[in-house]
Novice: 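Here it is: the structure, laid out below.
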Amino acid sequence: MEHYDVVIVGGGPAGSSAAIYTARADLETVVLDKDPHAGALGVAHVIANYPGARSDISGIELLDSMKSQAESFGARFMREKVTGLDLGDTREKTVFTASRKVFKAKAIVLATGSMGKSREIKGERELIGAGVSYCATCDAAFYKGQVVAVAGRTGEAVEESKVLSRFAEKVYLLCPTTTFAVPDEEVESLSHFPNIEMLYNKRISTINGKRKVESLSISGQDSLLEVDGVFLYLTGSAPIIDYAGGQLELVEAGCLRVDNSFSTSVPGVFAAGDVICKETKQAVIVASEGCRAALQVDKYLRGRDRVKSDYH
Ligand SMILES: Cc1cc2nc3c(=O)[nH]c(=O)nc-3n(C[C@H](O)[C@H](O)[C@H](O)COP(=O)(O)OP(=O)(O)OC[C@H]3O[C@@H](n4cnc5c(N)ncnc54)[C@H](O)[C@@H]3O)c2cc1C
């Protein structure tokens, strides 16, 4: 178990900016991010409008530079997928990850963005836990010697296919478009995994099975793809808050409810970025929210009357 002053969930522009400010406030900070390439900034090819950055900078380059800046002030970044929170203890909250690591924190900032699930696939809901999964790191061992499919185009889908290939006999990686949203080297790295077969332009229309997953219907294709399980990493634009397990209040649109201090309905739990509702989704806006949430964390943890500006 690892103890920190602040755990930041999500290392996009909101989370990274929050980390710069909490680390500079001398708060022990860790940022847990499942895959920077899966976030909104991570998939953006060019960001021409971020103040002070080159106008041809890619989203991932911009993120790398924010991460380095936060690390230079002492923040740690770890590649971890957060799967659960326990917010019951008022002094220390608990964060659980897919790799079974447990983090304790006096305050949490949620900055997981809104690249959440896309529209539900026919048959998906009925077969959750009976072959439909969203976490290979959690469930891969159940598919030893079996045939599975992974649907998605993000780095997370690519990495989770590799995890599955250690257990399953065959892994079909179904990319819904003609390209993956990851650098070419990452796609090429799949050639070292002989039991992973990449199939492009494959969209699942129905997940078939009576008591468990048996096959997939693919749009525009007559034959069924026979599989024992399917792992879904198809991102839409819904706020990612599944790991909070209903412990935090939401607004009608499904975003986290926060007050003017970026505090959620649970004291000590703050949120910033696209995970909270906003009129315009822009990197500079969420970076400023990360900053403001972090200053509130400092105020909360240090028992200050007012937010302290970060300058000398
Ligand atoms: C294609 C595209 C192009 C864009 N172009 C521009 C542009 O040109 N200019 C501009 O200003 N804005 C642009 N935007 C908008 C901008 O990228 C977003 O508003 C911004 O990235 C949101 O930041 P965020 O930190 O809230 O979320 P994100 O950037 O989505 O980051 C969230 C992070 O949380 C991680 N995460 C999610 N769930 C978990 C979990 N359970 N455990 C651990 N980590 C998790 C994700 O992997 C991700 O790294 C674009 C967005 C898209 C999709």
Side-chain angles (χ1 to χ4, degrees), residues 7-20 30-64 66-67 70 77-85 95-101 103 108-118 134-138 152-160 177 179 181-182 233 235-245 248 255-256 258 262 270-294:
V7 169
I8 297 172
V9 187
S16 299
S17 159
I20 291 171
V30 66
V31 180
L32 307 178
D33 194 292
K34 63 176 182 180
D35 175 8
H37 289 102
L41 195 59
V43 301
H45 288 296
V46 179
I47 301 292
N49 54 4
Y50 194 83
R54 272 181 9 242
S55 57
D56 63 346
I57 196 165
S58 71
I60 204 76
E61 279 180 293
L62 184 56
L63 267 185
D64 278 344
M66 292 183 188
K67 176 174 174 245
F77 280 70
M78 295 172 74
R79 186 98 172 223
E80 294 284 350
K81 176 173 178 163
V82 171
T83 51
L85 304 175
V95 179
F96 303 96
T97 70
S99 67
R100 304 199 195 295
K101 287 206 185 87
F103 295 82
I108 299 180
V109 179
L110 304 177
T112 38
S114 71
M115 296 281 281
K117 267 185 54 48
S118 62
Y134 308 95
C135 180
T137 317
C138 317
R153 64 189 297 263
T154 61
E156 188 181 19
V158 170
E159 287 308 313
E160 294 279 79
T177 53
T179 52
V182 294
Y233 302 96
T235 50
S237 58
I240 303 182
I241 29 135
D242 49 348
Y243 55 87
L248 297 168
C255 321
L256 283 174
V258 291
F262 292 90
F270 298 81
D274 286 356
V275 76
I276 59 180
C277 283
K278 53 180 47 60
E279 199 178 0
T280 321
K281 292 178 179 164
Q282 286 288 280
V284 65
I285 292 175
V286 303
S288 97
E289 288 178 359
C291 155
R292 292 172 66 192

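When a ligand or atom number is given, it counts from 1 through the structure's own listing order. Just so it is clear, the model here is predicted, and its values are computed rather than measured.
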Novice: Only heavy atoms of Ala14, strictly under 4.0 Å: list the atoms of ligand 1 that pass.
Specialist: 25 (O), 26 (O)

Novice: Applying the side-chain contact (heavy atoms from CB on, under 4.5 Å) criterion to Leu63, which one of Asp33, Leu41, Ile47 satisfies it?
Specialist: Leu41

Novice: So is Val46 close enough to ligand 1, meaning a heavy atom under 4.0 angstrom away?
Specialist: yes

Novice: Would you check whether Glu156 reaches within less than 4.0 Å of ligand 1, judged by its heavy atoms?
Specialist: no

Novice: Name the closest protein heavy atom to atom 3 (C) of ligand 1, giving the residue it belongs to and the distance to 0.1 Å.
Specialist: Ala44 CB, 3.5 Å

Novice: Closer than 4.0 Å to some heavy atom of Gly39 - which atoms of ligand 1 meet that?
Specialist: 30 (O), 48 (C)

Novice: To the nearest 0.1 Å, how far is atom 49 (O) of ligand 1 from its closest protein heavy atom, and which atom is that?
Specialist: Asp33 OD2, 2.6 Å

Novice: Verify salt bridge (charged side-chain N to carboxylate O under 4.0 Å, His left out) between Glu156 and Lys81, making sure each step is shown before the conclusion.
Specialist: CA-CA 10 Å; Glu156 188 181 19; Lys81 176 173 178 163; 3.2 Å; yes

Novice: Is the closest N or O pair between Val9 and ligand 1 shorter than 3.5 Å?
Specialist: no

Novice: Within the structure provided, determine whether Tyr243 and Thr83 are in side-chain contact (heavy-atom separation under 4.5 Å).
Specialist: no

Novice: Answer with yes or no whether the side chains of Tyr50 and Ser55 bring together a donor and an acceptor at under 3.5 Å.
Specialist: no

Novice: Run the numbers for me: atoms of ligand 1, each under 4.0 Å from some heavy atom of Lys81, listed by number.
Specialist: 42 (N)

Novice: Determine whether any heavy atom of Gly42 lies closer than 4.0 Å to an atom of ligand 1.
Specialist: no

Novice: Is Ile47 in polar range of ligand 1, meaning some N or O pair under 3.5 Å apart?
Specialist: no

Novice: If you count the atoms of ligand 1 from 1 in the order shown, which ones are under 4.0 Å from a heavy atom of Glu80?
Specialist: 42 (N), 43 (C)

Novice: Would you check whether Val286 reaches within less than 4.0 Å of ligand 1, judged by its heavy atoms?
Specialist: yes

Novice: Show me which atoms of ligand 1 lie under 4.0 Å from any heavy atom of Pro36.
Specialist: 49 (O)

